[in-house]
Asker: 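There's a structure below that I have some questions on.
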2 protein chains.
Amino acid sequence: MPAHIFIAEDETSIITLLKYNLEKESYKVSFCENGEQALKQIKDKHPDLILMDWMLPDLSGVEVCKNLKKDNKYNDIPIIMLTAKGEEEDKLRAFDTGADDYVTKPFSQKELNARIKSLLRRSKPYSSVDVVEFTDLKIDRITKRVYRNNVEISLGPTEFKLLDFFIKNPKRVYSREQLLNNVWGENIYVETRTVDVHIRRLRQAINIDKTKPLIRTVRSAGYSLES
Amino acid sequence: MPAHIFIAEDETSIITLLKYNLEKESYKVSFCENGEQALKQIKDKHPDLILMDWMLPDLSGVEVCKNLKKDNKYNDIPIIMLTAKGEEEDKLRAFDTGADDYVTKPFSQKELNARIKSLLRRSKPYSSVDVVEFTDLKIDRITKRVYRNNVEISLGPTEFKLLDFFIKNPKRVYSREQLLNNVWGENIYVETRTVDVHIRRLRQAINIDKTKPLIRTVRSAGYSLES
DNA sequence: CGGAATTGTTACAGTTTTGTTAAAAACATA
DNA sequence: TATGTTTTTAACAAAACTGTAACAATTCCG
């Protein structure tokens, strides 16, 4: 289970470099080149650590940072600010907004890696984001347990990941392709019909006392988690 | 209850400055000017954070750091290295020995304060007690003895470390890689399946009177300690 | 030194999980 | 109602994963 690092940075060359470097360290990496998108994607993907450019075209990195730190759900994600300016004022402002560390461009890859490792090591073992509830469903990512009405339910690994993904954005409809990409992985070839089968297995598992269906089929579009 | 910060630093002028500054921020401050003494006092006082000079007259800061990080009781105390050298090699070595951050002298007081705040915010609650209990299990880190229902159990060194690690965060599921990193060490090459074998040995050892299983297997994820 | 304890590796068996397929069912629309 | 499309369901074989025992290498200790 590699740590997932999110990069918000508008210089393509830096992204490329970072991505190469971090993936070599076997982190899972995703990125985004502007602030609005970054905020959205971070809330969606909930990475383990964020590398954030101090300046971003539309919504500045500082703003994104502030926004995240205000939200209980996301303020535990450590953030490293990437800043081109060496001035002290900026550094302090980075910390003030809630950043956990910063590096000044151009930075040493090795040093960055060390800082990342240090932050990941220190990040809280349990945080509110690890236990997510939706209606009578509860999923604990730390203990890998799932409950319905406080009754534990046993799920296979794929079904767990599937539910975990759905619960991040309940009510949102995902196509089979989206589910394959997010639950199975990006470069894996699996039949789209396979999703149906796992949806069935998940349904079967969470439909303890034939209450509400919870997983909705949207014909010719996909599936969603409903209350 | 203000956070207690310990300073290990041999330049009196810096100590004075730091002390003045930190007490103004209403931290409780204590200090020491050489390595041997520092190590002793740290173990005695168990501060919340340490500012450690990279070079100390007798026992270097690096050595003190290493020593602390090896000890389960103290490795959760965040350490900021104070180094006069700006060279990358030193910085990296600081992180390697387990330091959580470093600043280069001369440093900005404001920046240091920010880094301290960030580290304190992020630091774990102490797992620094000698005797830890979890359900009917008791582990004494000093005497290295383990009891179940007050009956002593004999464990090999690896099994002891394994249980000790599990008991820090009971119920949390750890992957085999995480266990290898935390119990065996970071740069050691051991097959992941070896974990299974030691889990079995630990299970065998603690399953005295066939009570509860205690160690849970989470398929495709790892193991956890359960009540 | 010699025996006991500890350690990491491997192979095998047993079980669970997974993806695929095909048939049945459900749905939408003319 | 008839028809074509989409989803549900069951069954099955392949793949993945874990538990266990046995073994050799190493360390520990009297």
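Worth saying up front: this structure is predicted, and the values here are computed from it rather than measured. In what follows, every heavy atom counts, from backbone to side chain, and hydrogens, waters and symmetry copies are set aside.
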Asker: Nearest-Å distance, NE2 (H198(B)) to P (dT9(C))?
Answerer: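 From H198(B) NE2 to dT9(C) P: 9 Å.
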Asker: Taking the six-membered ring for Trp, are H46(B) and Y74(B) ring centroids under 6.0 Å apart?
Answerer: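 Yes, they do, as the ring centres are separated by less than 6.0 Å.
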Asker: Report the residue from I79(A), I14(A), L22(A) that forms a side-chain contact (heavy atoms from CB on, under 4.5 Å) with L51(A).
Answerer: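 It is L22(A), the one option of I79(A), I14(A), L22(A) that forms the side-chain contact (heavy atoms from CB on, under 4.5 Å) with L51(A).
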Asker: Just checking F134(A) against F166(A), ring centres under 6.0 Å apart?
Answerer: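 No, too far apart.
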Asker: Do L179(A) and F165(A) come close enough that some side-chain heavy atom pair is under 4.5 Å?
Answerer: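 Answer yes - side chains close enough.
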Asker: Output the single nucleotide from dG19(C), dT18(C), dA22(D) whose closest atom is nearest the side chain of E159(A).
Answerer: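 Nucleotide nearest to E159(A)'s side chain: dT18(C).
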Asker: Of the listed nucleotides (dT17(C), dT9(C), dT20(C)), which one gets closest to any side-chain atom of P157(A)?
Answerer: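 For the P157(A) side chain, the nearest candidate turns out to be dT17(C).
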Asker: Quick one: bend of the helix from dC1(C)-dG30(D) to dA30(C)-dT1(D) from 5 pairs per end, to 10°?
Answerer: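 It works out to 40° between the end axes.
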Asker: Would you mind reading off the distance between I199(A) atom CD1 and dT18(C) atom C1', rounded to a whole angstrom?
Answerer: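 Whole-Å distance recorded here is 15 Å.
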Asker: Judged by modelled atom types alone, do R203(B) and T217(B) share a side-chain donor-acceptor pair under 3.5 Å?
Answerer: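 A pair is found: one side chain offers a donor N or O, the other an acceptor, under 3.5 Å apart.
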Asker: Would you indicate which nucleotide in dT18(C), dT21(C), dG8(C) comes nearest to any side-chain atom of V197(A)?
Answerer: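 In terms of side-chain proximity for V197(A), the closest of dT18(C), dT21(C), dG8(C) is dT21(C).
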Asker: Consider only side-chain N and O atoms of E226(B) and S224(B), and report whether a donor and an acceptor are under 3.5 Å apart.
Answerer: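 Present: a donor and an acceptor within the cut-off.
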Asker: For K161(B) and dT6(C), what is the distance between atoms NZ and P respectively, to the nearest whole Å?
Answerer: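 Atom-to-atom, K161(B) to dT6(C), this comes out as 13 Å.
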Asker: I want to confirm an ordering. Mapping W184(B) and G156(A) to their closest nucleotides on DNA chain C, which one lands closer to the 5' end?
Answerer: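 The answer here is W184(B).
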Asker: Taking only nitrogen or oxygen atoms into account, show me every contact under 3.5 Å that the protein makes with nucleotides 16-18 of chain D, one pair per line with its distance.
Answerer:
from	atom 1	to	atom 2	distance (Å)
dC17(D)	O2	R219(B)	NH2	2.8
dT18(D)	OP1	S220(B)	N	2.9
dT18(D)	OP2	R176(B)	NH1	3.2
dT18(D)	OP2	R176(B)	NH2	3.2
dT18(D)	O4	R193(B)	NH2	3.4

Asker: Is it the case that atom CZ in F31(A) sees more than 12 heavy atoms from other parts of the structure closer than 6.0 Å?
Answerer: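 No, CZ of F31(A) has 12 or fewer neighbouring heavy atoms, counting only those of other groups under 6.0 Å.
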Asker: Answer whether the closest heavy-atom distance between the side chains of I167(A) and R141(A) falls below 4.5 Å.
Answerer: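 Side-chain contact under 4.5 Å: yes.
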Asker: Taking the side chain as C-beta and beyond, is there a heavy-atom pair between I50(B) and L68(B) under 4.5 Å?
Answerer: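 I50(B) reaches L68(B) side chain to side chain.
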Asker: Over how many whole Å does the gap from L202(B) atom CG to dT6(C) atom P extend?
Answerer: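 Going from L202(B) (CG) to dT6(C) (P), I get 13 Å.
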